[in-house]
Amino acid sequence: MAKTKPAPTSTACVALVGNPNSGKTTLFNALTGMSQKVGNYPGVTVEKVTGTYSHQGLRYEVVDVPGLYSMRPVSLDEELAARAMAGTEGRPPDVIVFVLDASNLERNLFLFSQTLAAGLPTVVALTMTDMLARERSGIDVAALEARLGVPVVNVVAHRKQGLSELQDAVARAIVERTVPDIDLGFPTVVREAVFRLHDALARAGIDANRSEVRETLLNPESAWNRKLEGNPDIVRAFQEERQLVLGESIQGRTVDAQTRYAWAAKVRRAVLQSSDSRVRAVSDAIDRVLTHRFFGLVIFFGLMYLVFQSIYTFASPIMGWIENGIQSVQSAVSPALAGAPLLQSLVVDGVLAGIGAVVVFLPQIAILFCFIGILEGTGYLARAAFLMDRILGWCGLNGRAFIPLLSSFACAVPGIMAARVMPDSRSRMATALVAPFMSCSARLPVYVLLIGAFVEPQFGPAVAGAVLFVMHFVGLAVAVPMVWILNRSVFKTKRLPFVLELPRYQWPRWRDVALTVTTRVKVFLQTAGTIIFVMSIVIWALLSFPKSEAMDSQYQAAYQSQPDSFKEARTEENYVQAQRVRDSYLGQFGRAIEPAFVPAGFDWRITTAVLAAFPAREVVVSALGIIFSLGGDADEESSDLRSALAQAKWPDGRPLLTLASAASLMVFFALCAQCLATLATIKRETGSWKWAAFSFVSMTTLAYIAAVIVYQVGIRLV
Amino acid sequence: MSKSSKKPKFCRGMVCRVTCVTGDGDHVCRLLDLGLTPGTEFSVVKVAPLGDPVEIDVRGARLCLRRRETQGLDFEQVERSG
Ligand SMILES: Nc1nc2c(ncn2[C@@H]2O[C@H](COP(=O)(O)OP(=O)(O)O)[C@@H](O)[C@H]2O)c(=O)[nH]1
């Protein structure tokens with residue numbers, strides 16, 4: 001065959017293909033080390049991971065194809081995998097390394113039998129043999145090689161065993177280009193029909209190999225059938241043969257699957273040495289405790305409490321250090337630039353604050369992914385999903401969404417990133433869109449400020465505490481119906497059975513955990529981090545311009561003409577700062593859209609503070625401080641800020657914030673997507689701005705509607 | 001075979017045999033891909049504390065499925081051990 005292509009570069013392309021959980025990622029990591037590039041297939045939450053290695057002077061590019069159960073593309077991930085193998089994305093791979101899990105032979109062989117249809121040179125990497133050895137079982141590699149017709153290499157990737165043998169085999173396969181062809185034992189009627197159809201196609205000038213013809217025959221929905229549509233004679237020939245082979249009742253797919261599995265079972269019997277089930281029994285015994293009706297749930301919630309506490313509480317001192325560090329850099333740099341106020345403001349409030357806004361997320365991301373790495377490495381993560389699936393399954397999520405959603409109560413950014421633990425892209429998408437509704441820790445200062453100013457003085461600390469508690473569930477209460485609706489409208493994609501595997505328990509490997517953490521931190525900094533940084537500077541600019549000496553002296557004059565009581569309450573500097581914000585582009589915008597927020601009980605000052613908090617939600621408190629002329633150092637415990645809020649008035653003298661408008665503001669904050677970092681992370685994880693925009697628009701709309709309802713009901717009741 | 005045929009309730013240790021996989025679409029396709037072809041025996045390894053999903057052992061591999069997602073899969077109980 002003239003399949004060999006002239007090599008323009010000396011890089012060979014290797015595709016790693018295999019079932020989920022077959023050890024593909026581990027092998028990929030061992031082969032490519034730190035040379036990995038993590039990209040994203042556009043518009044979907046599927047990562048495209050590539051890496052390189054060199055072997056005997058030749059460079060190899062390795063593509064980690066998403067794990068799949070079948071080459072017949074049913075889910076999105078599988079479609080992408082099938083596409084990667086067919087070579088519609090660039091050129092087809094030069095060689096396939098099929099990762100075959102020795103402890104799940106039949107199911108893996110089923111997939112193997114399907115990958116043969118691609119007609120590409122193949123090498124099998126046999127994984128998990130160390131686990132079989134522990135169970136006093138083993139695989140007869142020579143016999144397997146004979147049955148599969150391709151080289152089989154035993155690898156234990158995390159111990160670097162078999163890697164160079166695998167690389168040798170890959171190099172040889174590329175040179176020899178031998179394409180395996182094995183007899184799967186299809187029934188004679190099928191084979192004869194395939195033979196006839198193959199002839200018919202050849203006569204019509206269509207080039208197809210026998211497995212492609214068989215796939216077309218047995219699976220009327222396969223891609224080839226669509227290709228043949230323009231050829232009515234051929235279509236009719238296929239229909240006739242299908243009648244003949246399958247009759248009316250049996251389905252082609254059933255025949256296909258049965259044949260392949262029968263073949264797989266035969267191979268397994270020939271190559272697998274009997275095992276000692278006692279080792280598996282240890283894992284099962286652990287499971288009897290960890291998935292126990294009572295103890296299982298107790299241990300689960302204990303562990304989850306630990307995870308949550310770690311990102312919520314343990315991360316905060318580190319985040320405090322980062323904030324202090326940034327502040328001390330700011331105060332160190334600031335005097336040096338005092339001669340150029342604009343540059344000073346750009347560097348201090350724009351660039352340094354922007355860096356701070358990015359770096360501050362790293363402790364939470366690192367801690368969460370460290371836990372995820374450990375839980376995944378031991379196999380517990382799958383058990384957590386097993387335990388929680390019932391609770392999350394009914395509304396279209398699944399058990400694996402628990403950790404991402406829990407983490408989102410600390411911060412949605414690591415939460416959305418953690419949606420990666422879910423194997424299918426659809427539930428990843430749903431989780432990523434729901435996560436921002438969870439009440440993250442950045443919303444807490446707003447609740448504390450408003451509850452402290454409006455609820456506590458009137459109703460006492462007990463009610464205040466209860467309100468704070470309830471506020472944490474407002475988002476959840478809205479999110480659940482939202483997923484339910486999303487699943488029925490936006491994600492109109494087909495529903496597949498949720499498949500979960502509980503791997504045997506193992507000790508986590510620290511190298512893998514470290515790799516997980518560093519990859520995630522790197523990905524965050526490179527993508528979401530850049531967006532957050534840039535947008536922080538944009539918001540800074542909108543808050544700082546227009547700016548002129550003339551305006552400043554006008555503000556100063558205005559301050560001087562105020563009565564003394566006014567001057568006692570605020571310094572000139574703070575007053576000028578507040579006026580600058582009022583006249584900035586952002587302040588102008590806030591005033592322009594004030595009418596839209598009046599039904600929710602907000603005036604331009606609150607609207608502007610909300611807008612200014614877009615880069616990071618917690619900024620709203622200091623923004624309110626600035627706007628109410630108290631300076632940017634005010635925090636949520638500040639009694640000055642509380643009383644300033646309580647005394648603020650509409651132009652007509654009505655109090656600005658009442659119980660109703662405070663409640664409306666809190667509900668708005670609970671639901672709105674006023675968080676750039678979250679949107680940037682959604683963009684990064686879903687690979688498109690579309691979903692970030694969707695999230696922003698839907699959350700803001702919901703928040704607005706809810707705030708209006710709360711305010712309008714509130715003013716009528718109170 | 002109709003969908004309404006009675007299915008036994010899953011409990012631990014139960015052994016079942018797939019009798020028929022009906023319906024079309026990707027849902028059934030996936031069950032077949034996982035090796036749940038007619039005639040295959042599987043055993044129930046465990047049931048989650050909240051009743052769903054169920055872990056089964058099929059063709060020497062373990063996997064968890066949700067009860068209601070086994071629609072289209074008809075099976076009969078073969079024996080009950082333990
Ligand atoms: N004992 C053993 N465990 C392995 C081997 N390869 C991978 N694993 C573990 O199996 C689990 C799944 O592996 P992973 O590489 O994530 O699989 P993927 O889903 O195919 O990418 C991880 O916990 C790995 O540490 C192996 O050869 N032997």
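Worth knowing before you read on, the calculation uses all heavy atoms, side chains too, and leaves out hydrogens, waters and symmetry mates. In what follows, chains carry the letters A, B, and so on, assigned in the order in which the sequence lines appear, proteins first and then strands, with residues in each chain numbered from 1.
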**Student:** Which atoms of A:Arg383 are under 4.5 Å from chain B, going by heavy atoms: the side chain, the backbone, both sets, or neither?
**Tutor:**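 Interface part for A:Arg383: neither.
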
**Student:** Who wins among B:Leu63, B:Leu31, B:Leu65 for the most heavy-atom pairs under 4.5 Å with chain A?
**Tutor:**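 Highest number of heavy-atom pairs under 4.5 Å: B:Leu63.
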
**Student:** Within 45 degrees of the ring normal and closer than 6.0 Å to the centroid, is that where the cationic atom of A:Arg260 sits relative to A:Phe186?
**Tutor:**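 So A:Arg260 doesn't make the cation-pi contact.
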
**Student:** Contact part of A:Leu297 toward chain B, heavy-atom cut-off under 4.5 Å: side chain, backbone, both or neither?
**Tutor:**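 Only the side chain of A:Leu297 comes within 4.5 Å of chain B.
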
**Student:** Report which part of A:Asp256 has an atom under 4.5 Å of a heavy atom belonging to chain B: side chain, backbone, both, or neither.
**Tutor:**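 Neither the backbone nor the side chain of A:Asp256 comes within 4.5 Å of chain B.
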
**Student:** If the plane angle is over 60° it's perpendicular, under 30° parallel, otherwise tilted; pick one for A:Phe112 and A:Trp263.
**Tutor:**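 If you compare the ring of A:Phe112 with that of A:Trp263, the planes turn out parallel.
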
**Student:** Is B:Asp57 salt-bridged to B:Arg62, going by a charged N under 4.0 Å from an acidic O?
**Tutor:**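 A salt bridge links B:Asp57 with B:Arg62.
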
**Student:** Could you check whether the rings of B:Phe75 and B:Phe10 sit parallel, tilted or perpendicular, using 30° and 60° as the cut-offs?
**Tutor:**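 Ring orientation, 0 to 90° scale: parallel.
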
**Student:** What part of A:Phe498 lies closer than 4.5 angstrom to a heavy atom of chain B: side chain, backbone, both or neither?
**Tutor:**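 Its backbone and side chain both get close to chain B.
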
**Student:** Against chain A, label B:Val47 side chain, backbone, both or neither, depending on which of its atoms sit under 4.5 Å from a heavy atom there.
**Tutor:**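 Backbone only.
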
**Student:** Check whether any side-chain heavy atom of A:Asp389 lies under 4.5 Å from a side-chain heavy atom of B:Arg66, and answer yes or no.
**Tutor:**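 They are in side-chain contact.
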
